[in-house]
Amino acid sequence: MAPVVGLVGLGLFQRGFPVLGDCVEIGIPMLLLVIGLSQYLKHVRPFRDVPIFERFPVLICVPIVWIYAVILTASGAYRHKPDTTQNSCRTDRANLISTAPWFMFPYPFQWGPPTFSAGHSFAMMSAVIVSMVESTGAYMAASRLAIATPPPAYVLSRGIGWQGIGVLLDGVYGSVTGSTISVENVGLLGLTRVGSRRVVQISSGFMIFFSILGKFGAVFASIPFPIFAALYCILFGLVASIGISFLQFTNLNCMRNLIIIGLTLFLGISVPQFFDQYWTPSRHGLVHTNAGWFNAFLNTLFSSAPTVGLIVAVLLDNTLEVEKSKKDRGMPWWVKFRTFKGDNRNEEFYTLPFNLNRLFPPT
């Protein structure tokens with residue numbers, strides 16, 4: 001679990017500083033401001049006992065840097081800059097706000113009737129497998145950041161099942177992408193120390209609201225992406241550190257464990273990087289045969305850092321001195337968390353709201 005959860009964060013490194021560097025005059029101030037407020041000023045409480053800077057660093061920093069970006073755009077700072085710089089820094093690119101409709105009500109099959117292709121289905125399965133692996137790692141990270149017990153198998157299966165229903169609804173409503181775990185929200189859980197279900201439910205309501213009112217959604221879409229990249233540097237790093245923290249339950253003086261951890265982390269980062277180098281408009285991936293679905297299946301699997309890490313880690317951890325190393329692997333610590341009834345605290349952490357447990361009882 002340690003390298004897989006770690007790779008959920010580390011595998012997204014290309015969305016961090018490489019994207020932030022496309023507009024350093026916006027990304028660097030955002031990165032420094034978030035770190036300053038959330039870490040150095042988190043104990044400063046200007047309003048009674050409310051930890052404003054610890055709970056709301058994102059809500060405070062994004063508007064400040066966003067306004068700064070609007071000022072730079074309005075002053076003509078990017079008027080004669082290259083197209084890459086303008087796309088990354090400007091807040092008025094593509095006339096998003098002026099062209100967006102005020103109201104847009106999504107409805108099933110609005111883009112036409114569904115179609116079926118066996119090749120596309122097999123290709124999509126690889127994306128679903130990758131999503132399952134990454135989601136499992138993110139679930140484990142979220143439980144640790146929320147100071148909850150590790151989710152037992154039933155809870156992980158339940159999460160993956162509901163995720164599958166989400167993917168089905170995405171197809172019905174014609175979404176461009178499927179539903180998967182939000183790694184940045186897992187990192188945000190650790191940054192703000194807020195793990196309330198009520199917050200998630202209210203946030204879902206806001207997302208539905210902004211998806212219907214096109215102008216509001218376009219306003220948020222005009223935020224320069226380097227602002228998000230600065231947040232990713234912190235949030236993805238938090239998730240990666242949670243993966244490393246799982247190593248405390250293993251024996252790090254054991255050379256067997258060190259080999260597995262090191263090899264898994266290294267291959268989990270380097271193999272997807274190697275596959276990504278071949279992802280060009282003329283050559284869609286390293287695997288390039290006459291069967292398009294086969295190409296998509298393998299290229300997608302091996303372009304995911306957590307998936308590569310899971311394959312390497314499971315193979316090595318279950319073939320190298322298995323019987324002699326149960327204690328060194330940390331297996332005794334994990335035993336009681338394998339079932340829902342293994343720990344009494346699972347009822348508190350993983351019982352579904354609104355009495356839904358009657359329809360989906362734990363097994």
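Quick note: numbers below take in every heavy atom, side chains included, and nothing from hydrogens, waters or symmetry partners. We're numbering straight along the sequence, starting at 1.
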My understanding is that only residues two or more places apart in sequence, or in another chain, count here; which of them pass ring pair (Phe, Tyr, Trp, His ring centres under 6.0 Å) with Phe266? none
Can a donor-acceptor pair be found, under 3.5 Å and without considering hydrogens, that links the side chain of Ser222 to the backbone of Val219? yes
Sequence neighbours excluded, the answer for side-chain contact (heavy atoms from CB on, under 4.5 Å) partners of Phe13 is Ile269, Gln273
Enumerate the residue pairs fulfilling salt bridge (Lys or Arg N to Asp or Glu O under 4.0 Å) with a member in residues 156-174, sequence neighbours excluded, ordered by first and then second residue. none
Which residue pairs satisfy the salt bridge (Lys or Arg N to Asp or Glu O under 4.0 Å) criterion with at least one member in residues 344-363, sequence neighbours excluded? Asp343-Arg345
Ile311 side, atom CD1; Leu301 side, atom CG - distance, nearest 0.5 Å: 6.5 Å
Tell me, which pairs form a side-chain hydrogen bond (donor to acceptor under 3.5 Å, both in side chains) where one or both residues lie in residues 103-123, sequence neighbours left out? none
Applying salt bridge (Lys or Arg N to Asp or Glu O under 4.0 Å), can you list everything that pairs with Lys326, at least two apart in sequence or on another chain? Glu323
Shortest non-hydrogen contact between Gly268 and Ala305, atoms and distance: O-CB, 3.0 Å
Using 30° and 60° as the class boundaries, would you call the ring planes of Phe337 and Trp333 parallel, tilted or perpendicular? tilted
Output all residues satisfying ring pair (Phe, Tyr, Trp, His ring centres under 6.0 Å) with Phe53, sequence neighbours left out; order by chain, then residue number. none
Between Asn346 and Phe340 (side chain of the first, backbone of the second, donor and acceptor by atom type, cut-off under 3.5 Å), is there such a pair? yes
Classify the ring geometry between Phe246 and Phe249 as parallel (under 30°), tilted (30 to 60°) or perpendicular (over 60°). tilted
Arg198: partners by side-chain hydrogen bond (donor to acceptor under 3.5 Å, both in side chains), with sequence neighbours left out: Gln201
Taking everything shown except Phe122 itself, do over 12 heavy atoms lie less than 6.0 Å from its CZ? no
Mark yes or no for whether Thr339, through its side chain, and Gly342, through its backbone, hold a donor-acceptor pair below 3.5 Å. yes
Find the distance between OG (Ser179) and CG (Leu169) and round it off to the nearest 0.5 Å. 7.5 Å
Is there a path of hydrophobic side-chain contacts, each under 4.5 Å between heavy atoms of I, L, V, M, F, W or Y residues, that connects Ile260 with Val308? yes
Residues in disulfide (SG to SG under 2.5 Å) with Cys23, at least two apart? Cys89
Would you give the length of the straight line joining atom OG1 of Thr91 to atom CH2 of Trp66, rounded to the nearest 0.5 angstrom? 8.5 Å
Once side-chain hydrogen bond (donor to acceptor under 3.5 Å, both in side chains) is applied, do any residues pair with Ser131, and if so which ones, sequence neighbours excluded? Gln163, Thr180
With heavy-atom distances below 4.5 Å as the criterion, would you say the side chains of Ile242 and Met140 are in contact? no
Strictly by salt bridge (Lys or Arg N to Asp or Glu O under 4.0 Å), give each pair with a member in residues 251-269 just once, sequence neighbours left out. Arg256-Asp317
Expected output: side-chain Asn257 to main-chain Asn251 donor-acceptor under 3.5 Å: yes
Which label fits Phe225 and Phe228: parallel for a plane angle under 30°, tilted from 30 to 60°, or perpendicular past 60°? tilted
Any side-chain heavy atom of Leu263 sitting closer than 4.5 Å to one from Leu316? yes
Does a sphere of radius 6.0 Å around CZ in Arg79 hold more than 12 heavy atoms from other residues, nucleotides or ligands, not counting ones at 6.0 Å or beyond? no
Quiz question: by atom type and distance under 3.5 Å, do the side chains of Ser245 and Arg144 form a donor-acceptor pair? yes
Tell me which pairs pass ring pair (Phe, Tyr, Trp, His ring centres under 6.0 Å) where either residue lies in residues 295-314, with sequence neighbours left out. Phe275-Phe302
Is the CG atom of Asp83 crowded by more than 12 outside heavy atoms at less than 6.0 Å? no
